[in-house]
Amino acid sequence: MGFGKGDHLHLIDGSAYIFRAYHALPPLTRKSDGLPIGAVAGFCNMIARYVDGNGTSSDAPTHVAVIFDHSSKTFRNDLYPLYKANRPELPEDLRPQFPLTREASRAFNLATIEVEDFEADDIIATLAHQARDAGGRVTIISSDKDLMQLVGGGVEMLDPMKNRRIGPDEVAEKFGVAPDRVVDVQALSGDSVDNIPGAPGIGVKTAALLIQEYGDLDTLLARAGEIKQPKRRQVLLDHAAQILISRDLVRLREDAPLPMGLGDLEVRAPEPAVLLDFLTRMEFRTLSKRVAGKLGVEPPAIPEPPAAPATAGAPAPAAEPEAQVPFDHAAYACITDAATLADWVAEIADKGWVAIDTETTSLDEMRAELVGISLCVEPGRAAYIPVGHVTGGGDLFGATAPAEGQMPLAEVLAMLKPVLEDPAVLKIGQNMKYDAKIFARHGIRVAPVDDTMLMSYAMHAGLHGHGMDTLCEQYLGHIPIPIKTLLGSGKAQVTFDRVAVCDAVKYAAEDADVTLRLWRRFKPQLHRAHVTTVYETLERPLVPVLAAMEMAGILVDRDTLSRMSNAFAQKLAGLEDEIHTIAGEKFNVGSPKQLGEILFDRIGVPGGERGKTGAYATGADVLEDITTMEDSQPQAALLAARVLDWRQIAKLKSTYTDALQQAINPETGRVHTSYSIAGANTGRLASTDPNLQNIPIRTEEGRRIREAFVAPPGRVLLSLDYSQIELRILAHIAGIPALKQAFRDGLDIHAMTASEMFNVPLDQMTPDIRRQAKAINFGVIYGISGFGLARNLRIPRAEAQGFIDRYFERFPGIREYMDETIAFAKANGHVRTLFGRRIHTPEINAKGPGAGFARRAAINAPIQGTAADIIRRAMVRMPAALDGLPVSMLLQVHDELLFEVDAGAVDETIARARAVMEGAADPAVALDVSLVVEAGQGPNWSAAH
DNA sequence: TGCGTCACG
DNA sequence: GACGTACGTGACGCAC
């Protein structure tokens, strides 16, 4: 018994495991008595996976311990009473699970350590220290950044979720300094989670810079007076004591009194009787069976409680967490013959649902070729049907041949089509719009569908992304096989058809498996989150509508773009020469860094603010200011003016005239964008590849790009857009009588605002006064601040604040709306639109500047989100309303819908589409303000406006 | 890959 | 009283 050179100690951060397990799993209870055991179940699964992993690892530990926090109060509370003071209260159903997790750890025969008055982190630090001194190696199984200070000299970390090793390089990447200086950086930057104060206004990046420059914290504090930036200098001088306390709080103790020595931690196999007894008492059926199988003993019998009554529709949540059915890649089938596929199809039809996923050669659905299809009908049982895999391609000519043993694509599709189109079989996907488009290109109309991405979006917008990897990790506690491991990355990246079939099976089938598990979890949660209506009316029905719009695409005239590109190229060359002459030297005009150095260092323009990277800011607002310095800085003023011209043209050329030509699909001759439904937190769509929601319009030169978006002969483009929809929604939600009346009277709303605020009669309104009022109106929607308005209008801050105060005075209701919205967000962690869409605001109760962002976002979200809901409702109803007319809906630009229609059907289309749009809130919400839609038409998008 | 910049609503 | 600030997006080029 002992520990020395060649030994390898694993230290498992048990407390972190518990919290991870608790949050990853639904609130499960023990069947027989209702004891909450979700966290214990998750904990056991993680430990079981860990033990299994060691069995097959060539780098298995010789010693291992699981470390827990003893209680929430430690010596750090004596150092700083507010330590961890803003931690939320421990959930009621978690506390009783703590002793059970200790018991679980012991049942797996793992040394289990906790020490009064010390955190788990200190015990880990102490053990790591001892093991290192003894000449052994240490792996800390945790992703807690607070442990990163221990890395180095034979100690490394392993992130158990990402299965990623964390060595000195990874620590340096996170903190910007070597592990031995991490404490210094943390002392400066503080930590809002643990309520460590640090130095106000200094984050990790600034802290790392300072430590890099001065070597260590003590030197930095001793020489703080030398710091150039006045704010930083003052902060360090004023808060030295607080920073030193912070260091004591973050520095881990290496002298925790331990109840055992390293030698006592030798790896021991579990005692089957002890472990199975524990699992049996917890009533973990699946895990008991699995563990018994591994240990080669008979699984224990656990009496099955009486079955719950069957419910209609979606299946009830699994009795045990989904994680209890392991993701076992070996259990996934590869379907290569018709008989097997027929069995699967029969089972799908019988079950009434299937999770489905397609593998293709491209993310662009309009160009992607189908490579394989995966199916899953119950957790853990999934299959992959390869149809388009190839072999070869490595030689000079890249010749390939179809991989052997694949069913013909046509036969597979013919067999699947009946279930895919069967109204009684629900097709479940993750981002189904993608798969539906692939199938549509093969003549299959997939319906009905459910989409786990959209379910998550309806429930969790603002909390996290909704991609499969995120959802799987968050809700299933599992990291799916990264696609990169199959395709590689960068230059060496290949398309999915080049992946060996046996590798593809594991990856593809797992995706369908994950999707099905997510669906079983999310489906019953929708109504508990009160977002069933949102999902059923604003998300799910939008999938086929958007798929049709994207497949239709818009006709773009390549010649027009090409001519414009050439003209831009000439103009750019001329401007570039001129700019170089003015500057007196050649430089890259497109480099903000080089431009800044010329303006501020060489020419000597006063001011010049540096950004995060240390380069001067040279944004349009900065350059515009410089153009006004004709008298004092004539050279710089001229240079700035020409650079602004150059930038505008360069933007138009690279982003629009050049890129759009690339985006024209060779088969259809049209441009097909892709809308992300779950991209923007507020409910807005986002357009990508290419983005057709930011085609220029504000300047004359830019607007000409829209002339390249055309209708084919005999047809016209038709644009319908909501007039002032966000201000109308504001008038309704905040209940502003003057604003509502103005909309009823059909007034120019910005002029009315100006008149009301500045006491100018409408018939004496000047464009400049109206412009200011317009900025204030928008400011209100954005969660106005004096600073922001001042910057926008380029007026003194006090004056801007005066405007805002007057606005609140003249339009009572706005202030109340803002206060109530923020209070709601603080109490509930989310805000809602008029149609019930939830937008989470997790930062609203934060301490730092994040709270300011969150407050403004919370004010804006119900307004922007309600507008987004309204146009979604219109879009969902549009196909039925336009049925029979020779028209296609092509694009959505937040408050505008663009159609392509036969010239003879324009009036009828306008009438029907306008009725849908103006009535889109009905009958769910009766708006106090009517919605007004303006229409325009023409041979191209510019003319249609 | 992150940042600065700029296009849109 | 200080903090940093208009809301929501996506794409491009530069510099690392």
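Note on naming: letters A, B, ... go to the chains in the order of the sequence lines (proteins, then strands), and numbering restarts at 1 for each one. In this text the structure is predicted, and so the values were computed from the model without any measurement.
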Roughly how many Å is it from [atom1] in [X] to [atom2] in [N], rounded to a whole number?
| X | N | atom1 | atom2 | value |
| --- | --- | --- | --- | --- |
| A:N694 | C:dG8 | CG | P | 17 Å |
| A:K651 | B:dG4 | NZ | C1' | 10 Å |
| A:R684 | C:dC7 | CZ | C1' | 8 Å |
| A:H840 | C:dG8 | NE2 | P | 16 Å |
| A:L730 | C:dC7 | CG | P | 16 Å |

So what does [X] hit on the nucleic acid, given a heavy-atom distance under 4.0 Å: a base, only sugar-phosphate, or nothing?
| X | value |
| --- | --- |
| A:I695 | sugar-phosphate |
| A:G611 | sugar-phosphate |
| A:E896 | nothing |

Of the options [options], whose atoms approach the side-chain atoms of [X] most closely?
| X | options | value |
| --- | --- | --- |
| A:S654 | C:dC12, B:dG4, B:dG9 | C:dC12 |
| A:A857 | B:dT5, B:dG9, C:dG8 | C:dG8 |
| A:T682 | B:dA7, C:dG8, C:dG10 | C:dG8 |
| A:K205 | C:dT5, B:dC3, B:dG9 | B:dC3 |
| A:A617 | C:dA15, B:dT5, C:dT5 | B:dT5 |
| A:R647 | B:dG4, B:dC6, C:dA6 | B:dC6 |

[N] base to [X] side chain: any donor-acceptor pair below 3.5 Å?
| X | N | value |
| --- | --- | --- |
| A:R797 | C:dT5 | yes |
| A:R698 | B:dG9 | yes |
| A:K593 | C:dC14 | no |

Practice task
Quote, to the nearest angstrom, the P distance that separates B:dC6 from C:dA6.
Solution key: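 Result for the P pair: 15 Å, nearest Å.
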Exercise for the section: For nucleotides C:dT5 and B:dG4, find the distance between their P atoms and express it as a whole number of Å. Expected result: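 Looking at atom P only, C:dT5 and B:dG4 are 12 Å apart.
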Problem - Base paired to B:dA7 (Watson-Crick or G-U; both N/O distances under 3.5 angstrom) - result: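 Across all strands, the one nucleotide that pairs with B:dA7 is C:dT9.
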Exercise for the section: Output yes when A:R164 and A:E170 qualify as a salt bridge under the 4.0 Å nitrogen-oxygen rule, no when they do not. Expected result: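 Salt bridge between A:R164 and A:E170, a charged N being under 4.0 Å from a carboxylate O: no.
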Handout entry: Charged N-O contact under 4.0 Å between A:R684 and A:E726
Key =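 Result for this pair is yes, salt bridge flagged.
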